[in-house]
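This report concerns only the one structure given below.
Every heavy atom of this structure was used, including side-chain atoms; hydrogens, water molecules and symmetry mates were not. Each chain gets a letter, A, B and so on, in the order its sequence line appears, and its residues count up from 1.
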There are 2 protein chains.
Amino acid sequence: MATLRYSEFMEWRELDLGNCSVAATLSLVGERWTLLIMREVFAGLHRFDEIADHLGVSRRVLSERLRQLVEVGLLERRSYQEAGQRSRPEYHLTPHAHDLQWVLAALLQYGDTHLGDPAGAPVLLHHSGCGGQVHVELRCSCGHDVPGSEVEPGLGPGAVRVPSEEATLS
Amino acid sequence: MATLRYSEFMEWRELDLGNCSVAATLSLVGERWTLLIMREVFAGLHRFDEIADHLGVSRRVLSERLRQLVEVGLLERRSYQEAGQRSRPEYHLTPHAHDLQWVLAALLQYGDTHLGDPAGAPVLLHHSGCGGQVHVELRCSCGHDVPGSEVEPGLGPGAVRVPSEEATLS
DNA sequence: AGGCTGAGTTCCGGATGGCAACTCTGCGAT
DNA sequence: ATCGCAGAGTTGCCATCCGGAACTCAGCCT
């Protein structure tokens with residue numbers, strides 16, 4: 001399956017996600033190790049043992065997470081063949097997965113800012129076009145860069161209508 | 001404790017995080033439920049039962065996560081007192097926590113884009129200053145808005161120096 | 001046929017989580 | 001002063017998940 005949309009996804013996971021995109025995304029990548037595995041693939045590791053060894057995740061969990069990630073369409077299995085070896089699978093990002101870059105970049109930026117190694121950021125993100133350094137921003141439709149403290153969640157068009165209950169972000 | 005910096009944090013968690021800010025951040029907020037609990041607090045829920053009931057997290061886990069979040073300085077315990085009741089604790093965001101808004105916003109945006117409810121986004125983020133709609137961007141120092149597919153991780157000044165090993169993002 | 005290698009799978013004991021019931025603490029009413 | 005109440009956890013029990021190491025499996029090469 002290529003990718004799941006909300007409804008299929010709900011059914012597949014048998015979860016009531018409370019109609020929230022944050023929860024929906026987390027049920028794709030919110031399990032232990034999943035985002036770190038995605039980070040490794042972003043960073044250029046594509047093979048089972050490479051990732052297991054570098055990340056220190058148990059082979060059992062890696063195996064399961066890779067299967068899930070392929071299943072939801074974030075990773076794609078390809079074959080590679082080293083000279084004199086049989087062909088083996090390799091895991092690559094799908095186009096969907098590139099949009100997780102925002103999430104990883106936000107986590108990276110938070111860590112650099114608040115848990116930063118005094119020696120400086122261990123990892124920087126570069127723009128492959130120009131080589132410049134990339135960072136994450138919250139931008140308002142008014143054109144301004146918005147600090148996190150000035151962001152307020154509100155209901156959107158797809159909010160669940162529950163007349164009897166106070167409608168809060170969920 | 002107010003907030004931990006990298007080294008203290010490492011010691012406290014007894015983890016080798018592989019010198020990566022993504023992993024560091026995830027060890028603060030990467031456990032099951034933690035980001036969803038933060039989302040609830042961002043959304044204006046501050047009390048134990050409120051969060052437990054709305055989110056559907058078990059009281060045991062909520063109790064533990066709130067304790068962790070206070071410990072690492074993302075939430076702050078305050079007292080409130082309802083008329084005719086004894087004073088009870090309430091959980092509020094610390095200034096550090098506001099910078100998690102980037103992470104939550106990125107998760108929200110991914111979910112809206114790729115797992116979106118056809119009815120539209122259930123939650124929108126607004127700029128408290130002007131009421132405009134806020135979204136997350138990757139911006140290059142060259143001034144351009146960068147798609148996720150054009151972002152490449154590279155080593156920064158704080159990267160671990162391991163001469164014998166290939167140095168990859170970690 | 002036998003060995004090698006990468007990619008998983010299996011087994012086991014310990015940690016974590018869900019659910020529901022229980023406790024604990026002040027407050028106001030009896 | 002005692003009772004009951006409500007919010008905020010805590011505890012017990014059971015199921016699931018996880019880490020680590022050993023094991024299996026398939027194809028390529030000798």
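- One atom, NE2 of B/H46, and another, P of D/dA8, lie 13 Å apart when rounded to the nearest Å.
- Per the geometry, CZ belonging to A/R67 stands 10 Å off C1' belonging to C/dG8, to the nearest Å.
- A donor-acceptor contact under 3.5 Å links the side chain of B/R60 to the base of D/dG12.
- Rounding to whole angstrom units, CZ of residue A/R59 and P of D/dA22 are separated by 13 Å.
- Remark: A/Y91 is not in phosphate contact with C/dA7, judged by side-chain N or O atoms under 4.0 Å from OP1 or OP2.
- Within 4.0 Å of B/R32, counting heavy atoms only, lie sugar-phosphate atoms of the nucleic acid but no base atom.
- Rounded to a whole Å, the OH atom of A/Y80 is 7 Å from the P atom of C/dG6.
- Atom pair A/E64:CD and D/dC17:P shows a separation of 7 Å (rounding to whole Å applied).
- A donor-acceptor pair under 3.5 Å is absent between the side-chain atoms of B/R60 and the main chain of B/E64, judged by distance alone.
- Distance check, rounded to the nearest 0.5 Å: OH of B/Y110 to CG of A/L28 gives 6.0 Å.
- Using bins of under 30°, 30° to 60° and over 60° for the plane-to-plane angle, the ring pair A/H46/A/H92 lands in the parallel bin.
- Under a 3.5 Å cut-off, the side chain of A/T113 and the backbone N or O of A/Q109 do form a donor-acceptor pair.
- For A/W33, no side-chain nitrogen or oxygen approaches OP1 or OP2 of D/dC18 to under 4.0 Å.
- A/I37 places its CD1 atom 15 Å from the C1' atom of C/dA7, with the value rounded to the nearest Å.
- Residue-to-nucleotide proximity on DNA chain D shows that, of A/A83 and A/R65, the 5′-proximal contact is made by A/R65.
- Listed nucleotides: C/dG18, C/dA7, C/dG8. Nearest to the side chain of A/D49: C/dA7.
- As rounded to whole Å, 15 Å separates atom P of C/dG18 from atom CG of B/D53.
- Residue B/Q81 is classed as a sugar-phosphate contact, given heavy-atom separations below 4.0 Å to backbone atoms only.
- Of all non-hydrogen atoms in A/A52 and A/R59, the two that sit nearest each other are CB-NH1, 4.2 Å.
- For a distance-only test at 3.5 Å, the side chain of A/R47 fails to qualify as a donor-acceptor partner of the base of C/dA7.
- The side chain of A/S58 places no N or O atom within less than 4.0 Å of a non-bridging phosphate oxygen (OP1 or OP2) of D/dG20.
- Between the side chain of B/R86 and the base of C/dT25 there is at least one donor-acceptor pair of N/O atoms closer than 3.5 Å.
- Put simply, CD on A/Q85 is 8 Å from P on D/dC29, counting in whole angstrom units.
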